[in-house]
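One structure below.
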Amino acid sequence: MLKRFEPGSLILALCLVFCFAATANAADYAGAISAYRRAHGLPAVKLDGKLNAVALKQAQAMAVSGSVSHSAAGSFFSRVAPLRKSRAAENIGAGFLSFAEMLKEWENSSGHRENLLMPGARRVGVAFVDNQKSPYRKFWAMVITD
């Protein structure tokens, strides 16, 4: 039996492939964040799948809107409330094509650096989404919590 082609199904399939690719590198990103934390006398963080999903939702919302905003996917605190014990932070950015570039930008920004070096942090999620129609081209989000 032939199934009718639904345009949305292709978009969903592409998103599933892309979302896996975007989060598959998250372990490498968590390793880079951990190395930065260790260099500053803090413990490493572990990659957390639920935090990856929160980061991916934020990156997707920014890519769709074409803007860099902590509220693109709704209130940060409502997005992470069930996933944190006491503290959580989010870094976002856009326009950097590699995670190394994005991480360097966060390291050089006092507020973002403070989030990377959050005392007691144990878990992290990182994701990006491409939007070739936007001048930013790539949107990044990182969520870190205890």
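Predicted, not measured: the structure shown is a model, and the values here were computed from it.
- With sequence neighbours left out, F99 forms a ring-ring contact (aromatic ring centres under 6.0 Å, His included) with Y29, W140.
- For R137, the side chain to side chain contact (heavy atoms under 4.5 Å, CB included) partners at least two apart in sequence or on another chain are L97, Q132.
- Qualifying side chain to side chain contact (heavy atoms under 4.5 Å, CB included) partners for A100, counting only residues two or more places apart in sequence or in other chains: S98.
- The salt bridge (charged side-chain N to carboxylate O under 4.0 Å, His left out) pairs that include a residue from residues 103-121 are K104-E107, where partners are two or more places apart or lie in different chains.
- Among residues at least two apart or in separate chains, there is no ring-ring contact (aromatic ring centres under 6.0 Å, His included) pair with a member in residues 45-74.
- Partners of S75 according to the side chain to side chain contact (heavy atoms under 4.5 Å, CB included) rule, which considers only residues two or more places apart in sequence or in another chain, are F77, S78.
- Between G125 and A55, the shortest heavy-atom distance links the atoms O-CB, 3.8 Å.
- Applying the 4.5 Å side-chain rule to ILVMFWY residues, one finds M62, V68, I92, F139 in the same cluster as Y136.
- Atoms CZ and CG, from R87 and D146 in turn, are 8.0 Å apart once rounded to the nearest 0.5 Å.
- Closest approach of F76 to E90, counting heavy atoms only: CE1-CB, 3.3 Å.
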Stepwise side-chain contact (heavy atoms from CB on, under 4.5 Å) test for R122 and T145 = CA-CA 6 Å; R122 300 209 184 316; T145 189; over 6 Å; no
Please tabulate, one pair per line, all N/O donor-acceptor pairs under 3.5 Å involving side-chain atoms of residues 41-48, not counting sequence neighbours.
residue : atom : partner : partner atom : Å
D48     : OD1  : K50     : N            : 2.9
D48     : OD1  : L51     : N            : 2.9
D48     : OD2  : R123    : NH1          : 3.1

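- Between S69 and S71, the side chains place a donor N or O and an acceptor N or O closer than 3.5 Å (distance only, hydrogens not considered).
- Across all non-hydrogen atoms, the minimal contact from L116 to R37 is O-NH1, 2.9 Å.
- With values rounded to the nearest 0.5 angstrom, K138 atom NZ is found 4.0 Å from F128 atom CZ.
- Contact between A26 and V126 at its shortest, heavy atoms only, is CB-O, 3.6 Å.
- I33 has its side chain within reach of L103: a pair of non-hydrogen atoms, C-beta onward, lies under 4.5 Å apart.
- Contact record, M102 with A94: SD-N, 4.2 Å, taken as the closest heavy-atom pair.
- Screening residues 31-67 for ring-ring contact (aromatic ring centres under 6.0 Å, His included), with sequence neighbours left out, gives Y36-H40.
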Please walk me through it: do V124 and V143 pass side-chain contact (heavy atoms from CB on, under 4.5 Å)?
-> CA-CA 6 Å; V124 70; V143 179; over 6 Å; no
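- Closest heavy-atom contact between N131 and A63: ND2-O, 2.7 Å.
- Listed by chain and residue number, N115, M118, I144 satisfy the side chain to side chain contact (heavy atoms under 4.5 Å, CB included) test with A89 (two or more places apart in sequence, or in another chain).
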